[in-house]
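What follows is a set of notes on a single structure, which appears directly below.
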Number of protein chains: 2
Amino acid sequence: MTTTEAPRRLTAQGIERKQQLLDHAAELFAERGFGDTRVVDIVKRAGVAKGLFYWYFDNKESLFRELVELNRQRLRVAQAGAMDPRSDALTRIRQGVEASVVFMSRNAHFFSLLEVENLEKQFADVLRRGTEVHVTDVARLIGEGIATGTIREEDPVLLAYGVVGSVGYYSHFHRTGRIKLPVDELARFVGRSVVCSLAADERIARSVILAGQT
Amino acid sequence: MTTTEAPRRLTAQGIERKQQLLDHAAELFAERGFGDTRVVDIVKRAGVAKGLFYWYFDNKESLFRELVELNRQRLRVAQAGAMDPRSDALTRIRQGVEASVVFMSRNAHFFSLLEVENLEKQFADVLRRGTEVHVTDVARLIGEGIATGTIREEDPVLLAYGVVGSVGYYSHFHRTGRIKLPVDELARFVGRSVVCSLAADERIARSVILAGQT
DNA sequence: AGCGACATTGACCGCCGGGTCAAGCCGTAG
DNA sequence: CTACGGCTTGACCCGGCGGTCAATGTCGCT
């Protein structure tokens, strides 16, 4: 199944069309979920014939997977971009967390699927792999923070799951309209929360938080 | 649709059979997800004919909803039972959190569906209502904690989402085998984590945590 | 015995939706 | 002009699955 299938050569028009399909699909998935979105719905919304779908994707599942990879990468880039390499680990985590919340909000239509890992068991693999990468990233930072004494001594991986979880959950609650708050405000709140749960002591927590209240 | 349909009178045998179906369904849902579980699979596993399913349930969806309500209630009871009414709010939260983690682990087969709110959009309502109840419970306690000075001053509801989220996520990661740790150890860790993220100051955090390390 | 209510069976129906396909279009390179 | 490969169409196929139903069984009560 992992055959190196000839990646079809696409013209400019082809690339655009494919992107349209991805976009409309993401939108529909967010609206009704993967299982309740018909291929017909996707093509209809894009205003093309059904057969065309299968010109660009092997099948519905394959489109979904592509969507996942794409957005994971974009999120990772956003996180990396938000971190100031001169800052200490805890601060960088705060920055990454805030960026993630904002990013997820901007791409709400997509993440309403992503963060939730087992909407359909068949995707457990892709989705979890993504989370795993994220967790590893954070765990590394936490390890650093523990070494330099800014983060309390606990298993870094365990703490990392908490960070990733918080971001995911808060984003989810925000997206589904149960937390009514401007994104950036929420982002700062989650940042603060995470810092509080990680900081080695009160003084550190306060200083990292204060530095973030621009 | 919310017709007060005559709730069929069940004999002892009937009640048992219905429970069997619920159990097997929960198991299968956990294995493959709701969408990928066929009614036939459920009845086959229970060793009965397909038609019987519709004797006990209106349809697949209705069974699912029943499953949800049932387990929500049981969780709530477990939480309430774990809290020592003489303790302060923060401690009670810690107790509730630990109980939740344990409960979710014991009922893993079911909660692999529950905590994830939008596996299928059609269930958003039931699932969210459940979370909402939970959040409200916790928010009340947090409000109390803020009033008595043990919890830091932030919007109680916002903080409550964090607590509920943490429990859900850690349980999820544990259930899916990515956190390999005895349940009770994990429960204590999550308890500590939550306390750290809520406590008004370091002294309080330490004392509440120490009191919990039996 | 025989009635009525609960319990159980499995063949059957109908539709929905994923995926196929043969044919046609259009721009460009030769 | 023609050939070719990317692009587009929509009718069609077909398997799977949710849900129905008429028949049969099995209690317990009168």
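Side-chain atoms are counted along with the backbone in the values below, which use heavy atoms only and exclude waters and symmetry mates. Residue numbering restarts at 1 for every chain, and letters A, B, ... go by the order of the sequence lines.
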**Study point:** A/T91 side-chain N/O to A/S87 backbone N/O, donor-acceptor pair under 3.5 Å
**Key:** no

Practice item. Please report, rounded to the nearest Å, how far the C1' atom of C/dC6 is from the NZ atom of B/K18. Key: 14 Å

Check your understanding: Is B/Y56 near enough to C/dC6 that one of its side-chain N or O atoms lies under 4.0 angstrom from OP1 or OP2?
Key -> no

**Study point:** Length of the CZ-P vector between B/R17 and D/dC27, whole Å
**Key:** 13 Å

Review point. Is a side-chain donor-acceptor pair under 3.5 Å present for A/R17 with A/Q20?
Key: yes

Check your understanding: Where the side chain of B/A49 is concerned, which of C/dG10, D/dT9, C/dA7 is the nearest nucleotide?
Key -> C/dG10

Exercise for review: Could you check how far CZ of B/R9 sits from P of D/dC27, rounded to whole Å?
Suggested key: 18 Å

Revision key, fill the gap. As a check of understanding: the bend across the helix from C/dA1-D/dT30 to C/dG30-D/dC1, end axes from five pairs, rounded to 10 degrees, works out to 10°

Review point. Given atom CD1 of B/I42 and atom P of D/dC17, what is their separation to the nearest angstrom?
Key: 12 Å

Study note, to complete from the structure: The side chain to side chain donor-acceptor pair (under 3.5 Å) partners of B/R74 (sequence neighbours excluded) come to B/N71, B/N107

Exercise for review: Can you tell me the distance, in whole Å, between the CG atom of A/L28 and the C1' atom of C/dG17?
Suggested key: 15 Å

Review point. Any salt bridge between B/K180 and B/E185, counting N to O under 4.0 Å?
Key: no

Practice item. Let me know the distance between NZ of A/K44 and C1' of D/dT9, rounded to the nearest Å. Key: 15 Å

Check your understanding: Can you tell me if the side-chain N/O atoms of B/T11 get under 4.0 Å from OP1 or OP2 in C/dA7?
Key -> yes

**Study point:** Side-chain donor or acceptor of B/S105 paired with backbone N/O of B/V101 under 3.5 Å
**Key:** no

Review point. If you look only at pairs with a residue in residues 175-195 of chain A, which of them pass as a ring pair (Phe, Tyr, Trp, His ring centres under 6.0 Å), with sequence neighbours excluded?
Key: A/Y170-A/F189

Point to revise | Whole angstrom value for the distance that separates C1' of C/dG17 from CZ of A/F34 | key: 13 Å

Let me have the donor-acceptor pairs involving side chains of residues 41-53 of chain A, under 3.5 Å, with sequence neighbours excluded, atom names and distances please.
unit_1: A/D41; atom_1: OD2; unit_2: A/R32; atom_2: NH1; d: 2.8
unit_1: A/D41; atom_1: OD2; unit_2: A/R38; atom_2: N; d: 3.0
unit_1: A/R45; atom_1: NH1; unit_2: A/E27; atom_2: OE2; d: 2.7
unit_1: A/R45; atom_1: NH1; unit_2: A/E31; atom_2: OE2; d: 3.0
unit_1: A/R45; atom_1: NH2; unit_2: A/E31; atom_2: OE1; d: 3.3

Check your understanding: Does B/H174 use its side chain to pair, donor to acceptor, with the backbone of B/L186 at less than 3.5 Å?
Key -> no

Practice item. Would you give a per-nucleotide map of nucleotides 18-23 of chain D, 5' to 3', where B means the base has a protein non-hydrogen atom under 4.0 Å away, S means only the sugar-phosphate does, and - means neither? Key: BBBB--

Check your understanding: Does a side-chain N or O from B/W55 land closer than 4.0 Å to OP1 or OP2 of C/dT8, or not?
Key -> no

Practice item. With sequence neighbours left out, write down each residue that passes side chain to side chain donor-acceptor pair (under 3.5 Å) with A/Q95, or none if nothing qualifies. Key: none

Review point. Side-chain N or O of A/Q13 less than 4.0 angstrom from OP1 or OP2 on D/dT8?
Key: yes

Practice item. Provide, to the nearest angstrom, the distance between the CZ atom belonging to A/F57 and the P atom belonging to D/dC7. Key: 13 Å

